[in-house]
Amino acid sequence: MKFFIDTASLDQIQEAQDLGILDGVTTNPSLMAKEGISGKDNILRHYAKICEITDGDVSAEVIATDFQGILEEGQVLADIAPNIVVKVPMIKEGIKAIRWFADNGIKTNCTLVFSPGQAILAAKAGATYISPFLGRVDDITWDGIALVRQIAEIYAIQGYDTEILAASIRNAKHIVDSALAGADIVTAPLDSIMGLLKHPLTDIGLEKFIADYQKSNPQ
Ligand code: G3P
């Protein structure tokens with residue numbers, strides 16, 4: 001399973017890159033706003049900076065919701081760098097645009113996916129990635145991981161090439177469960193990724209190793 005980081009923070013992207021585990025980045029308009037990035041030119045420049053940190057795929061989301069607008073915005077985004085993936089919402093005009101991008105060699109990430117039916121439609125349209133938002137499904141007491149598992153099963157049965165990018169990750173357990181459910185990629189905030197490091201027995205064990213070394217190697 002590949003690891004993407006779900007943020008627009010250059011510092012956090014750099015930290016994940018330095019850790020040596022980063023395969024790509026996802027952003028959305030809310031994450032850009034959180035970093036205080038606004039205005040078309042600034043947003044495009046920010047994507048370019050992200051693409052300087054990683055050569056993994058970087059999802060950049062369109063704001064337009066009409067077919068022509070999505071195409072125009074998507075082409076501007078795709079021109080920023082070869083690793084830009086155009087993030088398109090799961091709406092009728094978005095599906096038409098995903099088909100156009102696929103036919104014209106532009107990678108897409110179909111976002112705001114909440115059902116297996118939507119995942120089938122996006123795969124049929126030729127999406128490179130689909131993003132089921134499993135945390136938001138859990139938020140309304142449904143089962144986000146079950147959604148990822150169902151999509152993975154359908155894609156395996158049907159032989160779809162679209163990759164499942166488990167999104168809206170809230171904690172380290174979501175990452176582990178996504179791996180078990182058959183996600184191809186997980187996109188997570190840095191603190192959820194770092195949560196994978198934690199185990200009290202690791203801390204206790206390391207403390208004892210160091211104490212034993214110091215006892216037998218007095219200074
Ligand atoms: O990748 C999608 C993600 O950014 C949404 O996460 O936490 O806003 O549901 P969240």
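Ligands are counted one by one from 1 in listed order, and the atoms in each one are counted from 1 as well. Please read these numbers as outputs of a predicted model, since none were measured by experiment.
- Around atom 3 (C) of ligand 1, the closest heavy atom drawn from L165, D6, D138 belongs to D6.
- Nearest to atom 6 (O) of ligand 1 among the protein's heavy atoms is S168 CA, 3.4 Å.
- Proximity to A167 (heavy-atom distance under 4.0 Å) selects the following atoms of ligand 1: 1 (O), 2 (C).
- Side-chain contact annotation: N171 with S192, donor-acceptor N/O pair under 3.5 Å absent.
- Close N/O approach between R136 and ligand 1 is found [any backbone or side-chain N/O within under 3.5 Å].
- Ligand 1 has an N or O atom lying under 3.5 Å from an N or O atom of R170, backbone or side chain.
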- Start with the C-alpha gap between K2 and D184, add the side-chain angles, then the distance that decides, and say whether salt bridge (Lys or Arg N to Asp or Glu O under 4.0 Å) holds. CA-CA 6 Å; K2 284 180 268 181; D184 300 289; over 6 Å; no

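- T187 and T26 share a side-chain donor-acceptor pair at under 3.5 Å.
- Partner of R170 under the salt bridge (charged side-chain N to carboxylate O under 4.0 Å, His left out) criterion, out of D191, D138, D139, D177: D139 alone.
- If you number the atoms of ligand 1 from 1 as listed, the ones under 4.0 Å from a heavy atom of F133 come out as 2 (C), 5 (C).
- With a heavy-atom cut-off of 4.0 Å, N28 touches ligand 1 through its side chain alone.
- A donor-acceptor contact closer than 3.5 angstrom links the side chains of Q14 and D18.
- Inspection of the D161 and Y155 side chains reveals no N or O donor paired with an N or O acceptor under 3.5 Å.
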